[in-house]
Amino acid sequence: MEENNTSADMQDNQSLDEQNSQELQTKKKRGGFTSKIGFVLAAAGSAVGLGNIWRFPYLAAKYGGGIFLLTYIVLAVTFGFVLMIAEIALGRKTGMSAINAFKKLNKKWAFLGVLCAIIPIIILPYYSVIGGWVGKYFFTYITGGGASAAGDNFFNAFITSPWQPLLFFFIFVSIVFVVVLFGVEKGVEKVSKFLMPALVLLTIGVTIYALTMPGSAEGIKYYLLPDFKKFSVKTVLAALGQLFYSMSLAMGIMITYGSYMKKQDKIESSVHQIEVFDTGIALLSGLMIIPAAYAFSGGNPETLGQGPGLMFVALPKVFANFGNVGGGILGALFFALVLFAALTSAISLMETVVSIVIDKFHLSRKKSSVIVYVGTLLLGIPSSLGFGVWSAVSVGGMTILDMFDFLSNSILMPIAALLTCVFIGYVVGCQNLTDEIELNGPFKFKKFFNVMIKYVCPICIAAILVTSILDAFGVFNI
């Protein structure tokens, strides 16, 4: 009997040693950040992307300017802070990407890891299509074609072309692939240390330039001074949806980056720094775009409320007012800035998916990166062609790209965020993560974190999720 027990113990120990060895090998393949500043800049680079420079200004313009800005800031320092710190702590505690992080703490909740893995897989291809659009505009301006970019039909002619969007989509994804292929330290961290400071400097420079335009003063007032008469449920919905998109929440990115974070680095202070970067760039992007569009249109609601086309359609017309030379320089600087932002976020998305493949299938970074690269190209083709050759294909009246955007941002991300709150608050317990956060000192907002995760966030996210879906399908108009 004792011999059997000894034999069983030896088998268990051997199995445990094999598991530990496999985890160690996987960790070596995954890599990690070498410093806190590297982590902060990479995470901020993920948060600061098209969501800030493209999406935030047009939503702010559409939903009342100052009142949208105020609503977003309130949500960022409450919901945003809590959800980001939870995801980073979860990643660092488990040392794994989203697909395995939840499973490691509770096997019954492995499905949540799968959900968080699916979201970046959906987002990366269509996000890269939009990144290709930005690349096209940047190329147009640096080659002296700024006047043509201001034409009424330029944007539509480009996205409906059978081959141009595919070409720039391919170039954009290939650049992202090369960065991710080099790994966390030599690729993601190194590039982020260059792109983020460059992005901040460009944002400040272009913003100052835009604010000196004649007629921009009224646009500044519209953007910075809240008009509470314009506050509505849609303002909150739009601001919270932007929060997920802008801060890279509920898509596995912050869990992945948290898994690369060193144990001696402070999570709480890092999150504060990331939020300052993210909200600061969003604020400056609004100052850069809205006053310029306001000055050009004279405050025309149709221009300010035209949505995604505000950057691609309205701004080139603004740049054209400065003549071929001045407008060309301003346009080139602006779209260089937007391209940098698009690249930093796309890098984080691809890195997250690559990390998922490494963790799930224990492949090398090179093989995982190639698989994700090819998959992104194949999945992005429908979104790229959805405005031209495949424009007849629609789902619920939405183009292919819009359908993927709605599925990921309006449905899957709120569901993932809601379930993450439930998982932390009621399944593994808040203490599980606050212990991780307090490895380097007291967690100043511990009580606030616990209340938000267990009560406020789940209720509000659930209400917003239901309202958003009902509104999208016209069940009732809010």
Just how far is it from atom [atom1] of [X] to atom [atom2] of [Y], taken to the nearest 0.5 Å?
| X | Y | atom1 | atom2 | result |
| --- | --- | --- | --- | --- |
| I459 | M452 | CD1 | CE | 11.0 Å |
| M350 | L343 | CE | CG | 11.0 Å |
| L181 | S174 | CG | OG | 11.5 Å |
| I356 | T256 | CD1 | OG1 | 6.0 Å |
| L105 | L112 | CG | CG | 11.0 Å |
| M247 | E275 | CE | CD | 4.0 Å |

Mind jotting down which residue pairs meet the side-chain hydrogen bond (donor to acceptor under 3.5 Å, both in side chains) criterion with at least one end in residues 433-449? Sequence neighbours excluded, please.
R92-E436, K263-E436, Q431-D435
Would you list the pairs meeting side-chain hydrogen bond (donor to acceptor under 3.5 Å, both in side chains) in which at least one residue belongs to residues 374-396, sequence neighbours left out?
none
Mind checking side-chain contact (heavy atoms from CB on, under 4.5 Å) for [X] and listing every partner two or more places apart, or none if nothing turns up?
| X | result |
| --- | --- |
| V451 | Y455, V456 |
| V357 | F361, L363, S368, V372 |
| L224 | L69, I220, L283, L287 |

Would K454 and C430 count as a side chain to side chain contact (heavy atoms under 4.5 Å, CB included) here? Give the steps.
CA-CA 8 Å; K454 293 184 74 173; C430 294; 3.8 Å; yes
Any non-hydrogen side-chain atom of [X] less than 4.5 Å from a side-chain atom of [Y]?
| X | Y | value |
| --- | --- | --- |
| S285 | M288 | yes |
| T94 | N100 | no |
| D227 | I67 | no |
| N106 | F102 | no |
| L249 | M413 | no |

Over all heavy atoms of both residues, which pair between [X] and [Y] is shortest? Give the atoms and the distance, please.
| X | Y | value |
| --- | --- | --- |
| F170 | L377 | CD1-CD2, 4.0 Å |
| I255 | S97 | CG2-C, 4.0 Å |
| I289 | P57 | CD1-CG, 3.6 Å |

For N432, enumerate each residue passing the side-chain hydrogen bond (donor to acceptor under 3.5 Å, both in side chains) test, keeping only those at least two apart in sequence or located in another chain.
K93
Apply side chain to side chain contact (heavy atoms under 4.5 Å, CB included) to residues S246 and D278 and explain how you reach the verdict.
CA-CA 8 Å; S246 177; D278 176 75; 3.0 Å; yes
Determine whether the side chains of [X] and [Y] contain a donor N or O and an acceptor N or O closer than 3.5 Å.
| X | Y | answer |
| --- | --- | --- |
| S270 | D265 | no |
| S345 | S348 | no |
| E351 | Y260 | yes |

Flag if over 12 foreign heavy atoms under 6.0 Å of CZ, F231:
yes
Expected list for residues 415-425: side-chain donor-acceptor pairs under 3.5 angstrom, two or more places apart:
residue : atom : partner : partner atom : Å
T420    : OG1  : A416    : O            : 2.7

Looking at [X] and [Y], would you say the former's side chain and the latter's main chain have a donor-acceptor pair under 3.5 Å?
| X | Y | value |
| --- | --- | --- |
| R365 | V354 | no |
| Y257 | I88 | no |
| T235 | S232 | yes |

For W133, run the ring pair (Phe, Tyr, Trp, His ring centres under 6.0 Å) check against F172, F155, F335, F169 and tell me which one passes.
F155
Set of ring pair (Phe, Tyr, Trp, His ring centres under 6.0 Å) partners for F56, sequence neighbours left out
F68, Y72
Set of ring pair (Phe, Tyr, Trp, His ring centres under 6.0 Å) partners for F111, sequence neighbours left out:
W109
K230 meets the salt bridge (Lys or Arg N to Asp or Glu O under 4.0 Å) criterion, sequence neighbours left out, with none
Side chain to side chain contact (heavy atoms under 4.5 Å, CB included) evaluation trace for K266 with I437:
CA-CA 7 Å; K266 293 183 178 180; I437 299 166; over 6 Å; no
What donor-acceptor contacts under 3.5 angstrom involve side-chain atoms of residues 396-408, with partners at least two apart or in another chain?
residue : atom : partner : partner atom : Å
T399    : OG1  : D402    : N            : 3.2
T399    : OG1  : D402    : OD2          : 3.0
D405    : OD1  : Y126    : OH           : 2.9
D405    : OD1  : N409    : ND2          : 2.8
S408    : OG   : Y126    : OH           : 3.2
S408    : OG   : F404    : O            : 2.9
S408    : OG   : D405    : O            : 3.2

Which donor-acceptor pairs under 3.5 Å do side chains of residues 73-85 form with protein atoms, sequence neighbours excluded?
residue : atom : partner : partner atom : Å
T78     : OG1  : V74     : O            : 2.7
T78     : OG1  : L75     : O            : 3.3

For Y63, does the six-membered ring have the charged nitrogen or CZ of K234 within the cation-pi criterion, i.e. under 6.0 angstrom from the centroid and within 45° of the normal?
no
Decide side chain to side chain contact (heavy atoms under 4.5 Å, CB included) for M96 and S259; before the verdict, give the C-alpha distance in whole Å, the side-chain angles of both, and the deciding distance to 0.1 Å.
CA-CA 5 Å; M96 294 180 172; S259 71; 5.5 Å; no
